[in-house]
Novice: 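Structure in structure tokens, see below.
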Amino acid sequence: MITRSNLAEQLREYQIRSKYEWASLSFFSSTANLNSSRVDVVVSVIWELIILAFLVFSAVSLYYRCMQLAFCLISIATLLVVCLKITKQVRLARKRKRRMLLPLSM
């Protein structure tokens with residue numbers, strides 16, 4: 001028989017299993033404690049690798065004294081970091097809003 005205590009226990013176990021702490025995401029996070037899905041983590045890691053690639057290519061172009069290309073690549077990398085921060089804040093705001101819409105009995 002399904003009881004309220006069984007449901008609460010299953011929910012607690014699910015929350016424990018789905019809790020992840022990712023070091024690469026904490027670099028772009030304002031808090032160290034992150035509760036993200038695997039898809040969010042993969043997407044964020046891919047964006048971080050793209051940003052790192054832009055920074056490496058800008059360093060290489062500085063080595064070859066192509067200042068305009070280096071400036072463009074650094075600008076693009078900075079823009080990507082800002083966009084990543086903004087999308088993360090929007091995603092967290094949506095998640096908070098969705099939680100507030102749940103009935104208190106849940």
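In what follows, every heavy atom counts, from backbone to side chain, and hydrogens, waters and symmetry copies are set aside. The model shown is predicted, which means the values in this text are computed figures rather than measured ones.
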Novice: I'd like to know if Val81 and Leu55 are part of one continuous hydrophobic network [Ile/Leu/Val/Met/Phe/Trp/Tyr, side-chain heavy atoms within less than 4.5 Å].
Specialist: yes
Novice: Check side-chain contact (heavy atoms from CB on, under 4.5 Å) between Phe54 and all other residues, then give those that pass, not counting sequence neighbours.
Specialist: Ile50, Leu73, Ile76, Ala77, Leu80
Novice: Taking the hydrophobic residues Ile, Leu, Val, Met, Phe, Trp and Tyr, and joining any pair whose side-chain heavy atoms are under 4.5 Å apart, which ones share a cluster with Phe71?
Specialist: none
Novice: Which residues pass the side-chain contact (heavy atoms from CB on, under 4.5 Å) test with Leu79, sequence neighbours left out?
Specialist: Cys83
Novice: State which residues pass side-chain contact (heavy atoms from CB on, under 4.5 Å) with Val43; sequence neighbours excluded, sorted by chain then number.
Specialist: Val39, Trp47
Novice: How many angstroms lie between atom CZ of Arg98 and atom CZ of Arg94, to the nearest 0.5 angstrom?
Specialist: 9.0 Å
Novice: According to a 4.5 Å side-chain heavy-atom criterion applied to Ile, Leu, Val, Met, Phe, Trp and Tyr, with indirect links allowed, do Leu69 and Ile51 form part of one hydrophobic cluster?
Specialist: yes
Novice: With sequence neighbours left out, what residues match Val82 under side-chain contact (heavy atoms from CB on, under 4.5 Å)?
Specialist: Ile86
Novice: Tell me whether Tyr63 is reachable from Met67 by hopping between hydrophobic residues (I, L, V, M, F, W, Y) whose side-chain heavy atoms are closer than 4.5 Å.
Specialist: no
